[in-house]
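Have a look at the structure below before the remarks.
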Amino acid sequence: MTNYVQLLLSGIAVGSLYALIAIGYTMVYGILRLINFAHGDMFMMAGFFLIYIAAVPHMPIWGALLLTILLTVVLGFMIERCAYKPLRSAPRMSVMISAIGVSYLLQNFATYFTGGLAQAYPEIPLISKKIEIFGVSTKLITIITPILTIVLVLALVTLIKFTKIGMAMRAVSKDFETSQLMGIKINSVISMTFIIGSFLAAVGSIMYFSYYEQVSPTIGAMPGLKAFVAAVFGGIGSIPGAVIGAYIIGICENFIKSYPVIADLSNAFTFVLLIVILIFKPNGLFGEKLSEKV
Amino acid sequence: MKKNTKILASLILAAVFLGLLIFIDNSSLKNSMLSTCLQKGAIYALVAVSMNLLNGFTGLFSLGQAGFMLIGAYTYGILTIPVTSRGSVYQYFDGGLVQFSIPVIPAIILAGIMAACFAALIGLPVLKLKSDYLAIATLGFAEIIRALIQWKQIAPLTNGSNMLRAFPTYDTILFPFIISAICIAIIVLLIRSSYGRAFKAIREDEIAAEAMGVNLFKHKMMSFVISSFFAGIGGALLAMFQASVQAKAFTSAMTYEILLIVVIGGIGSITGSIIASFLFVGCMEWWLRFLDEVHYIGDFKVPFLRTGFRMVVFSIVIMIIVLFWRKGIMGNKEFSWDAIAKFFKDPFGLVSKKKKKGEVK
């Protein structure tokens, strides 16, 4: 019993992390129809930012955290401006290729800058503390992560539903050209989307690496892909969908990992789930139906 | 230019190239960087052309190439390791399940067929998906294959996450060139046939193609299976080139590299893909190497140069190409003697521009 509780708890924690990354994917896809392959690598970069900033002498940990988030947001903004904006009128495939190029660049840059080795993540005093609940000993972060995720998601949903920029985002994702004609400044809306996405990726990264304690240059690819699967599973463009998809994947994955016979296949499971959902419900659990125009 | 002259020119070019290869093969250059780049370039050219068949000519944006290469490489490795060496390769699994080995050429063909079978299997559900969903589903499929091959339960067959080695490799560097050339020639013939025209019709407009009577699913499936067949053969060649193979090397980053080659060469140009793969491999392995070493100019230490800087510069160059030179080297055109002749008569179109101006006056 305690074993199951433990698995469920860590599954929820991992699911929350996937959720934070998945939102970044789903928002960008909703507006630009672009799979931002570089998102997972931004998550990795955020990990390295904290390692290097925390190593600066006399740097308080909260300062390091704030600076990490700020730098990640700037990075996300710059990537959009440099790599995606020039291709606004190009075919969708070109933008996707550009995203793959950015991902390649970030990975190579991180390998160069860090020497390619995995580095230990600094301990953040409060959230790395050990606690005990339901007779199970765990890190405090396992509890904080889901709560923080839910708070951030609620804040985000409020932002999208009730503010002017949120309304603009919804309009742009419905119809790109018409909203431009209606006077919405497309570029600032898209920048805002990337800023929010990067912010969530940075928060996710802090939680994720406090949990796994190591960062390496290629570590972003797998969580990135899984978060994308979560976004597709929930119906791409839908924020609650992405969150639910992420929790399902996180929990299932943890249970699979606990059976030695199939433990190696936990990564494969995520993609099997993706292919199954694409066959039976191509628009995901909560996705909108898109009609095709000739 | 007359047709006969063109054929003659092509033959001369091929003969010069062949002569050069034979020379390298028989001289001390055989183990040099030049020879390594040429071999790897030939293998990448085959895989890039197979990806171009799918992405450039049929318009199916698939990212599963590394998975099919992996299947090909493992099929080749498992089937050709000599029985006497199996004990040491499969040291943790009592020599493994397979206790026979077959000759090289049938094994290479089987590697392709195996990859094609998997493609047919995965194609059934996946090919109905639209552009970027197809991309992510095939990418996922490649990851599934990679996890499956490393699965402990089937390790007596695949050697799990351990390396496969001791299988026969080739003695002459001509071997990968000959196999790649035959395969690429088959792909070119396919693209020029009526099937190839159907592929292009699907690329331009699926709905219009369907209305004209092209069976969408059949042709997409055909393109997918054939592309995977040649990717499988490419995988087998890569295994021979490396003399050992391990599943964890076939990541999505490998697919990205091949995709970038296709983009640099021009999406929809066979010759572009071939030229780009040699350039890509040359830059990555050889010409940019100096960036990885510390250099001094007099007493001045050149900043930034250390291990890994080569790849940073390389990926920045790729980004510049992707952003500002989207057509790549060849666009969707093919290499032709006419274009070369025109270029030498009138470099950069200076004369024809003047002529046009004159007409306006």
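First the proteins, then the strands, lettered A, B, ... as listed; each starts at 1.
- Taking all atoms of both residues into account, the shortest heavy-atom contact from A:N108 to B:S315 is ND2-OG, 3.5 Å.
- Looking at B:A208, neither its backbone nor its side chain comes within 4.5 Å of chain A, counting heavy atoms on both sides.
- Environment of CE in B:M114: sparse, with no more than 12 heavy atoms of neighbouring residues, nucleotides or ligands closer than 6.0 Å.
- In this structure, A:V102 and B:M319 have side chains that are in contact, with non-hydrogen atoms separated by less than 4.5 Å.
- Counted within 6.0 Å of OH on B:Y92, heavy atoms from surrounding residues, nucleotides or ligands total 12 or fewer; the atom is thus considered open.
- For the residue pair A:V261 and B:W151, the shortest heavy atom distance occurs at O-NE1, 2.8 Å.
- Here the closest non-hydrogen pair linking A:L225 and B:I136 is CD2-CD1, 4.2 Å.
- Note that CG of A:L87 is 8.5 Å distant from CZ of B:F324, once rounded to the nearest 0.5 Å.
- The number of heavy atoms from other shown groups lying within 6.0 Å of NZ (B:K200) is above 12.
- Of all heavy-atom pairs between A:L278 and B:A137, the closest is CD1-CB, 3.9 Å.
- Counting all heavy atoms, side chain and backbone alike, B:G140 lies closest to A:F271 at CA-CD2, 3.3 Å.
- The contact between B:I316 and chain A is made by backbone and side chain atoms together, counting heavy-atom distances below 4.5 Å.
- For B:K128, no part lies near chain A; criterion is any non-hydrogen pair under 4.5 Å.
- Residue contact with chain B, scored on non-hydrogen atoms closer than 4.5 Å, involves the backbone and the side chain of A:A90 alike.
- Most heavy-atom pairs under 4.5 Å with chain B, from the set A:F113, A:F109, A:Y29, A:F269: that is A:Y29.
- In this structure, chain A has a heavy atom under 4.5 Å from the side chain of B:L139, while its backbone stays farther away.
- Neither the backbone nor the side chain of B:I145 comes within contact range of chain A, judged by heavy atoms closer than 4.5 Å.
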Starting from the C-alpha separation in whole Å, work towards a yes-or-no answer on side chain to side chain contact (heavy atoms under 4.5 Å, CB included) for A:I100 and B:V263. CA-CA 11 Å; A:I100 288 176; B:V263 172; over 6 Å; no
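- Only the side chain of B:Q153 comes within contact range of chain A, with heavy atoms under 4.5 Å apart.
- With a 4.5 Å cut-off on non-hydrogen atoms, A:L34 does not touch chain B at all.
- The part of B:I318 that comes within reach of chain A is its side chain, from C-beta onward, which places non-hydrogen atoms under 4.5 angstrom from that chain.
- Considering CG of A:L274 and OH of B:Y133, their distance stands at 10.0 Å, rounded to 0.5 Å.
- Counting only heavy atoms from C-beta outward, the side chains of A:S98 and B:L323 approach each other to under 4.5 Å.
- Contact annotation for A:L105: both backbone and side-chain heavy atoms come within less than 4.5 Å of a heavy atom of chain B.
- The minimum heavy-atom distance linking A:M93 with B:N55 is given by the pair CE-O, 3.9 Å.
- Using a 4.5 Å heavy-atom cutoff, the side chains of B:F61 and A:I97 are in contact.
- Counting only heavy atoms from C-beta outward, the side chains of A:T111 and B:M311 never approach each other to under 4.5 Å.
- Heavy atoms of B:R310 lying under 4.5 Å from chain A are absent altogether.
- A ring-centre distance under 6.0 Å is found for A:Y112 and B:F309.
- Side-chain contact between A:N267 and B:I144 is absent, with no heavy-atom pair separated by less than 4.5 Å.
- Contacts of A:F37 with chain B are made by side-chain atoms alone, with heavy-atom separations under 4.5 Å and no backbone atom involved.
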